[in-house]
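Just so we're clear, the structure is a prediction, and the values are computed from it rather than from any experiment. All chains are named by letter (A, B, ...) in the order of the sequence lines, taking the proteins before the strands, and each is independently numbered beginning at 1.
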Number of protein chains: 2
Amino acid sequence: MHNENVRSPEQLVERFRSEGLKITPQRQLLFSLLHENAEHPTADALFTSASALMPGISLRTVYQTLTDLTEMGELGQVTFDGGAVRFDPNLTDHHHAVCNECGTIADVSIDHLDVVSISQPNDFSPSSTSVVFHGVCAKCASPSSNLDKPTNNQNK
Amino acid sequence: MHNENVRSPEQLVERFRSEGLKITPQRQLLFSLLHENAEHPTADALFTSASALMPGISLRTVYQTLTDLTEMGELGQVTFDGGAVRFDPNLTDHHHAVCNECGTIADVSIDHLDVVSISQPNDFSPSSTSVVFHGVCAKCASPSSNLDKPTNNQNK
DNA sequence: TGTTTGTTCGCATGATTTGCAGATTAGGTC
DNA sequence: GACCTAATCTGCAAATCATGCGAACAAACA
Ligand SMILES: [Mn+2]
Ligand SMILES: [Mn+2]
Ligand SMILES: [Zn+2]
Ligand SMILES: [Zn+2]
């Protein structure tokens with residue numbers, strides 16, 4: 001059982017405590033909202049979710065905590081097409097597929113070898129490579145499941 | 001001699017004329033500034049260049065013209081890491097290499113990439129795939145040519 | 001030269017994110 | 001439990017990038 005991607009709220013509490021940082025209700029709430037969250041939420045989306053559970057929480061605090069986590073390497077950031085920054089609890093090396101219809105962003109794991117074989121632009125030493133697929137996700141493509149198809153395209 | 005990438009100022013003038021659009025000095029200036037421009041400039045960078053040659057030109061007009069060209073399919077747009085939109089006269093299918101040192105953005109020909117072989121995320125039908133390399137460009141990497149090394153990292 | 005209609009320009013506004021400072025509180029000490 | 005203090009939270013200002021809007025302007029044409 002490997003866990004290169006966990007970051008449970010408990011682990012984050014542990015990390016914060018070990019760094020001498022305080023465990024506040026706001027932080028704990030955000031830890032839980034991020035836990036196993038594969039939606040690549042924006043700061044504002046997390047603020048909305050958080051506000052429902054903790055009325056009065058400040059958007060500034062959400063940004064602050066997300067920035068802290070990012071600087072600690074406990075959270076990833078991605079942006080697509082100039083939209084707002086999206087936060088990604090998935091710290092594994094992976095890529096993304098953005099659906100033009102519903103706006104969902106799915107993780108795409110690519111075998112390391114494949115990417116390496118591709119990363120060879122002349123005169124350039126890439127330290128990282130990101131691949132973004134734009135298209136239509138399975139849910140939006142299947143003509144049958146048109147009933148529960150999400151239509152909230154959350155792109156900019 | 002093929003020219004899948006030209007868009008000379010003259011051609012754009014022709015295109016605009018054929019669409020019943022007017023040929024203004026502002027538009028002509030921007031056409032020339034974009035011609036064979038491989039710098040992936042932002043709207044503001046183009047505004048600065050344009051202002052030097054045509055004092056009084058409005059940033060609003062620059063945005064307007066760039067948007068028009070984009071909607072006409074005569075200009076591409078790319079964004080990196082949440083920075084400002086960059087405009088790309090290179091309409092061929094290609095990718096980009098961003099230098100962490102000097103911020104330059106180089107085109108990466110798709111010939112070097114076998115993207116098709118990699119474009120197979122499960123349950124997803126990609127209509128386009130973009131690859132971005134982050135790293136150090138040849139100029140910044142070579143220990144010899146440290147003299148004329150550009151240091152203007154224009155990232156956000 | 002005059003008319004028409006698209007264009008330019010300046011400013012307001014929207015969206016996202018960060019800076020700042022005072023109010024608040026977590027966590028340790030007695 | 002009361003107290004202290006540094007860290008944190010919060011509200012608001014401000015920076016950046018981009019777009020909406022309307023009045024002034026000018027390209028195209030008769
Ligand atoms: Mn992801
Ligand atoms: Mn390019
Ligand atoms: Zn979809
Ligand atoms: Zn460089």
Side-chain angles (χ1 to χ4, degrees), chain A residues 9 12-31 33 40-48 50-51 53-72 75 77-87 103 153-156, chain B residues 9 12-31 33 40-48 50-51 53-72 75 77-87 103 153-156:
Chain A
L12 289 178
V13 164
E14 199 60 26
R15 172 83 190 270
F16 270 58
R17 220 188 288 280
S18 73
E19 305 238 354
L21 302 174
K22 295 179 176 175
I23 311 302
T24 67
Q26 292 87 347
R27 281 172 173 172
Q28 286 176 292
L29 173 55
L30 285 167
F31 293 170
L33 290 179
H40 303 87
T42 62
D44 196 65
L46 287 165
F47 171 64
T48 298
S51 294
L53 297 168
M54 183 184 288
I57 190 174
S58 169
L59 174 60
R60 190 68 185 82
T61 297
V62 174
Y63 269 107
Q64 187 68 253
T65 301
L66 295 172
T67 298
D68 291 345
L69 286 168
T70 300
E71 288 174 350
M72 294 168 74
L75 190 60
Q77 291 187 179
V78 289
T79 58
F80 304 101
D81 296 320
V85 172
R86 289 168 180 280
F87 295 88
N153 188 318
Q154 46 196 305
N155 283 353
K156 188 183 186 182
Chain B
L12 289 178
V13 164
E14 198 61 25
R15 172 82 191 270
F16 270 58
R17 219 187 289 278
S18 73
E19 305 237 353
L21 302 173
K22 295 177 177 175
I23 311 302
T24 67
Q26 291 87 345
R27 281 173 173 171
Q28 286 177 293
L29 173 56
L30 287 166
F31 292 170
L33 290 178
H40 302 88
T42 62
D44 198 65
L46 287 165
F47 171 63
T48 298
S51 294
L53 297 167
M54 183 185 288
I57 189 174
S58 168
L59 174 60
R60 190 68 186 81
T61 298
V62 174
Y63 270 108
Q64 186 69 253
T65 301
L66 295 172
T67 298
D68 291 344
L69 285 168
T70 301
E71 289 174 351
M72 293 169 74
L75 190 61
Q77 291 188 181
V78 290
T79 57
F80 304 101
D81 296 320
V85 172
R86 290 169 178 279
F87 295 88
N153 188 317
Q154 45 197 308
N155 283 352
K156 187 183 185 182

Checklist entry - Can you find a donor-acceptor N/O pair under 3.5 angstrom joining the side chain of A:Arg60 to the base of C:dG19? => result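 Answer is yes: a donor-acceptor pair is held.
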Next on the checklist: If I compare all heavy atoms of A:Leu30 with all of A:Leu46, which pair ends up nearest, and what's the gap?
Outcome noted: CD2-CB, 4.5 Å
Rounded to the nearest Å, what distance is computed from the [atom1] atom of residue [X] to the [atom2] atom of nucleotide [N]?
X	N	atom1	atom2	result
B:Glu19	C:dT5	CD	P	19 Å
B:Phe80	D:dC17	CZ	C1'	17 Å
B:Phe47	C:dC9	CZ	C1'	11 Å
A:Leu30	D:dC9	CG	P	9 Å
A:Arg86	C:dT16	CZ	C1'	13 Å
B:Phe16	C:dG6	CZ	P	14 Å
B:Asp68	C:dT7	CG	P	7 Å
B:Asp81	C:dT16	CG	P	18 Å

Item to check | Flag side-chain contact, heavy atom, 4.5 Å: B:Phe16 against B:Leu69 | outcome: yes
Checklist entry - Is there side-chain contact between B:Gln26 and B:Gln64, with heavy atoms separated by less than 4.5 Å? => result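 A side-chain contact under 4.5 Å is absent here.
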Item to check | Under the 3.5 Å Watson-Crick or G-U criterion, the dot-bracket string of DNA chain C, with | for inter-strand pairs | outcome: ||||||||||||||||||||||||||||||
Checklist entry - Between B:Phe87 and B:His40, does a side chain to side chain contact (heavy atoms under 4.5 Å, CB included) hold up when you go through it step by step? => result CA-CA 5 Å; B:Phe87 295 88; B:His40 302 88; over 6 Å; no
Taking only N/O atoms, report every protein-nucleotides 23-26 of chain C pair under 3.5 Å with atom names and distance.
from: C:dA26; atom 1: N3; to: A:Lys22; atom 2: NZ; distance (Å): 2.9

Checklist entry - For DNA chain D, whose closest nucleotide is more 5', that of B:Arg17 or that of B:Thr42? => result B:Thr42
Item to check | Most 5' of A:Arg27 and B:Gln64 on DNA chain D, judged by nearest nucleotide | outcome: A:Arg27
Checklist entry - Does the pair A:Leu33 and A:Leu53 meet the rule for a side chain to side chain contact (heavy atoms under 4.5 Å, CB included), with working shown? => result CA-CA 10 Å; A:Leu33 290 179; A:Leu53 297 168; 4.2 Å; yes
Next on the checklist: If we check side chain to side chain contact (heavy atoms under 4.5 Å, CB included) with B:Thr70, which of these qualifies: B:Val85, B:Leu75, B:Thr65?
Outcome noted: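 Only one of B:Val85, B:Leu75, B:Thr65 forms a side chain to side chain contact (heavy atoms under 4.5 Å, CB included) with B:Thr70, namely B:Leu75.
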Checklist entry - Between C:dT7, D:dC9, D:dT10, which nucleotide has the shortest distance from any of its atoms to the side chain of B:Leu21? => result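 That would be C:dT7.
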Checklist entry - Is any side-chain N or O of A:Thr61 closer than 4.0 Å to OP1 or OP2 of D:dT10? => result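 Indeed, a polar side-chain atom of A:Thr61 lies that close.
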Checklist entry - Does B:Tyr63 make a side-chain N or O approach to OP1 or OP2 of D:dT19 shorter than 4.0 Å? => result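 No, because none of the side-chain N or O atoms of B:Tyr63 sits under 4.0 Å from OP1 or OP2 of D:dT19.
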Checklist entry - For A:Gly20, which contact category applies under a 4.0 Å heavy-atom criterion: base, sugar-phosphate, or nothing? => result nothing
Checklist entry - Of B:Arg15, B:Lys22, B:Arg27, which meets salt bridge (Lys or Arg N to Asp or Glu O under 4.0 Å) against B:Asp68? => result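 Answer to the salt bridge (Lys or Arg N to Asp or Glu O under 4.0 Å) test with B:Asp68 among B:Arg15, B:Lys22, B:Arg27: B:Arg27.
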